[in-house]
Chemist: 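After the structure tokens below, expect a handful of questions from me.
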There are 2 protein chains.
Amino acid sequence: MNLPPLVQSFVLHFGEMGSRWGINRTVGQIYALLYVSPDPLNADQIVDALGISRSNVSMSLRELQAWNLVLLKHLPDDRRDFFTTPDDVWQILRTLAEERKKREVDPTLSVLREILMQQPASEAERHAQERMSEMHGLIERLTTWYEDVKQLETDRLATLLTLGAKVTKLLEAKDKIVSLGRSKRTTEKG
Amino acid sequence: MNLPPLVQSFVLHFGEMGSRWGINRTVGQIYALLYVSPDPLNADQIVDALGISRSNVSMSLRELQAWNLVLLKHLPDDRRDFFTTPDDVWQILRTLAEERKKREVDPTLSVLREILMQQPASEAERHAQERMSEMHGLIERLTTWYEDVKQLETDRLATLLTLGAKVTKLLEAKDKIVSLGRSKRTTEKG
DNA sequence: CTGTCATTTCAGTAATTTCTGAAATAACAG
DNA sequence: CTGTTATTTCAGAAATTACTGAAATGACAG
């Protein structure tokens, strides 16, 4: 591996981290390298930087493209492929969320739905279905929320984050106003 | 494997899904089995249900305990260990979030912080640090939000979810009221 | 066409992870 | 203590996943 020390730490960390997710070491390293690189890199530059085989780079880039985490670029008068990551970290976050949902959540949701359609043939199955139904309900709630907030533009999303739990304070306030309004009207009527 | 068909589908799915996360097949299967089981199970029951070795069950349960995803129970007059999952799916969600943060996010945050402390020795390193700083900023925002929201009781959290992006509508409304108030006062002064 | 350069594919190998059986440890009852 | 039952540990086997080099494919220039 042939990199400035500071970049190397980052790349190595992403490699190790990769294994904790489903991603493998090389894929993590390549991503990290592209992420901090000022310009797009071609496959041979990645080979040199990370000291891995050309074919491994090819396969790992394909993997990263499947995740939409990497962009293919072309320079004029150069027919090699160059790669970068999107600049905007918020966009990266969105992509990551979208892909993980697609791979990890959606399949589970569809398996749960399928099982819940079936007729339980015993008390054990009945109970199992009940538990699965709870899980299904929770996941649906979460994905609905996600589908909803992912539409937001970045600055609104940022606001939402900054606000955090304070939102519920706001809600309490709103509830009070509404209920005050209601009780007032009730009083007037009564 | 010796399970009601409906439970078996669920268990097998969790096994496959496990590999997409960092978790292995057996661990996923055991978790799924305990999750839908009406009563706590002991290690031998898991061996029978899943058709795997006793030692594998022992190691996998240890793993699940390390994740706080499984509870150890004791029945009167029986010195074997019995295991369940927590009943409340919201609680499970919290645990999962907490553990994944601990394992996947916190280490990255600390590596980033460490690297950002250092003096860049070249333009390449300077640029890399800038990118890492963006990533660090985003992750910090997200974790702050998480720390904030995780304190909420379940029903408040549920409200927050149901509300979703509508919160920003609420904010706009609030902003209008505030700015109206301000411009009114300004007008009065002027 | 032919030659050159870039990329991909893939069979075989290397490395890692998972799983097992056997032995060790532990916890208890008599 | 001794025997019984429950659990854990761990070295090696099995399975899976990652990686490589060599060959194939593709894309283009002349």
Side-chain angles (χ1 to χ4, degrees), chain A residues 1-2 11-12 14-34 39-67 70-84 103, chain B residues 1-2 11-12 14-34 39-67 70-84 103:
Chain A
M1 191 171 298
N2 181 17
V11 165
L12 288 177
F14 257 67
E16 285 170 35
M17 232 43 201
S19 356
R20 294 213 188 170
W21 301 25
I23 294 166
N24 80 40
R25 190 156 35 95
T26 306
V27 172
Q29 289 183 355
I30 293 180
Y31 181 79
L33 177 63
L34 293 176
D39 307 297
L41 299 180
N42 66 43
D44 284 322
Q45 291 174 306
I46 299 172
V47 166
D48 291 343
L50 303 181
I52 57 183
S53 75
R54 183 54 237 268
S55 50
N56 195 4
V57 170
S58 176
M59 291 188 301
S60 300
L61 283 171
R62 159 181 291 254
E63 174 85 4
L64 283 169
Q65 282 177 286
W67 277 82
V70 128
L71 297 170
L72 174 58
K73 296 238 166 178
H74 279 111
L75 304 185
D77 302 324
D78 192 331
R79 56 196 178 85
R80 288 172 299 176
D81 295 339
F82 285 76
F83 298 88
T84 7
R103 287 152 210 254
Chain B
M1 191 170 295
N2 182 16
V11 165
L12 289 177
F14 257 68
E16 286 170 34
M17 232 46 201
S19 354
R20 294 213 189 168
W21 302 25
I23 294 167
N24 81 39
R25 192 158 33 95
T26 307
V27 173
Q29 290 183 354
I30 293 180
Y31 180 79
L33 177 63
L34 294 176
D39 307 297
L41 300 180
N42 65 44
D44 284 322
Q45 292 173 305
I46 298 172
V47 166
D48 291 342
L50 302 181
I52 56 182
S53 76
R54 185 51 237 270
S55 49
N56 195 3
V57 170
S58 177
M59 292 187 302
S60 301
L61 283 171
R62 157 181 291 252
E63 174 86 4
L64 283 169
Q65 282 176 287
W67 277 81
V70 129
L71 297 170
L72 175 58
K73 298 239 164 176
H74 279 113
L75 305 185
D77 302 325
D78 191 331
R79 57 196 177 89
R80 290 170 297 176
D81 294 340
F82 285 77
F83 299 88
T84 5
R103 287 152 209 252

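Numbers restart at 1 for each chain; the letters A, B, ... are given by sequence-line order, proteins then strands.
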Chemist: If you take all heavy atoms of B:N24 and B:T26, which pair is closest and at what distance?
Modeler: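 Looking at all heavy atoms of both residues, the closest pair is OD1-N, 3.0 Å.
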Chemist: Among residues 56-67 of chain A, which ones have heavy-atom contacts with DNA chain D below 4.0 Å?
Modeler: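 Per residue number, the list reads A:N56, A:M59.
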Chemist: Please give, in whole Å, the distance from D:dT5 C1' to B:D77 CG?
Modeler: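 Computing the B:D77:CG to D:dT5:C1' distance gives 15 Å.
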Chemist: Is A:R80 close enough to C:dC5 that one of its side-chain N or O atoms is under 4.0 Å from OP1 or OP2 there?
Modeler: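 No, A:R80 has no side-chain N/O under 4.0 Å of OP1/OP2 on C:dC5.
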Chemist: Do B:S53 and C:dG21 share a donor-acceptor pair, side chain to base, under 3.5 Å?
Modeler: no
Chemist: Tabulate protein N/O versus nucleotide N/O from nucleotides 27-30 of chain D, keeping only pairs under 3.5 Å, one per line.
Modeler:
none

Chemist: Of the non-hydrogen atoms in B:G28 and B:I23, which two are nearest, and what is the gap between them?
Modeler: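 Scanning both residues completely, I find the closest heavy atoms to be N-CG2, 3.9 Å.
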Chemist: May I have the distance from A:R54 (atom CZ) to D:dA22 (atom P), rounded to whole angstrom?
Modeler: 16 Å
Chemist: Could you pull out the closest heavy-atom pair between B:R103 and B:A66, with the gap in Å?
Modeler: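 Scanning both residues, the minimum pair turns out to be NH2-O, 3.0 Å.
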Chemist: How long is the line joining CG of B:D78 and P of C:dC28, in whole Å?
Modeler: 13 Å
Chemist: OP1 or OP2 of D:dC19 versus the side-chain N and O atoms of A:T26: is any pair under 4.0 Å?
Modeler: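 True: A:T26 side-chain N/O within range (under 4.0 Å) of D:dC19 OP1/OP2.
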Chemist: Round to the nearest Å and state the distance from A:Q45 atom CD to C:dT7 atom P.
Modeler: 11 Å
Chemist: Applying side chain to side chain contact (heavy atoms under 4.5 Å, CB included), run through B:L12 and B:M1 and close with a yes or a no.
Modeler: CA-CA 10 Å; B:L12 289 177; B:M1 191 170 295; 3.8 Å; yes
Chemist: So, OP1 or OP2 of C:dA6: does either fall under 4.0 Å of a side-chain N or O from A:N42?
Modeler: no
Chemist: What's the CD1-C1' distance between A:I30 and D:dA18, to the nearest Å?
Modeler: 12 Å
Chemist: Rounded to the Å, how far apart are A:I52 CD1 and C:dT8 P?
Modeler: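 Going from A:I52 (CD1) to C:dT8 (P), I get 14 Å.
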Chemist: For B:N2 and B:D48, work out which heavy atoms get closest and say how close.
Modeler: CB-O, 3.7 Å
Chemist: Rounded to the Å, how far apart are B:I46 CD1 and C:dC19 P?
Modeler: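 It works out to 14 Å between those atoms.
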Chemist: On the nucleotide D:dC19, are OP1 or OP2 found under 4.0 Å from the side-chain N or O atoms that A:N24 carries?
Modeler: yes
Chemist: B:L41 CG to D:dT7 P: how many Å, rounded?
Modeler: 13 Å
Chemist: Within the 4.0 Å heavy-atom criterion, would you say A:D44 contacts the bases, only the backbone, or no part of the nucleic acid?
Modeler: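 Result for A:D44 = nothing.
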Chemist: Sequence neighbours excluded, which residues qualify as salt bridge (Lys or Arg N to Asp or Glu O under 4.0 Å) partners of A:R20?
Modeler: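 Per chain and number, A:R20 pairs via salt bridge (Lys or Arg N to Asp or Glu O under 4.0 Å) with no residue.
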Chemist: Would you check if B:I30 and B:L61 make a side-chain contact, meaning some heavy-atom pair closer than 4.5 Å?
Modeler: yes
Chemist: Using OP1 and OP2 only, check whether a side-chain N or O of B:R25 sits under 4.0 Å from C:dC19.
Modeler: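 For B:R25, the contact criterion (side-chain N or O under 4.0 Å from OP1 or OP2 of C:dC19) is met.
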Chemist: Examine distances only and state if a side-chain atom of A:S19 and a backbone atom of A:E16 form a donor-acceptor pair shorter than 3.5 Å.
Modeler: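 Here the side-chain-to-backbone pair exists.
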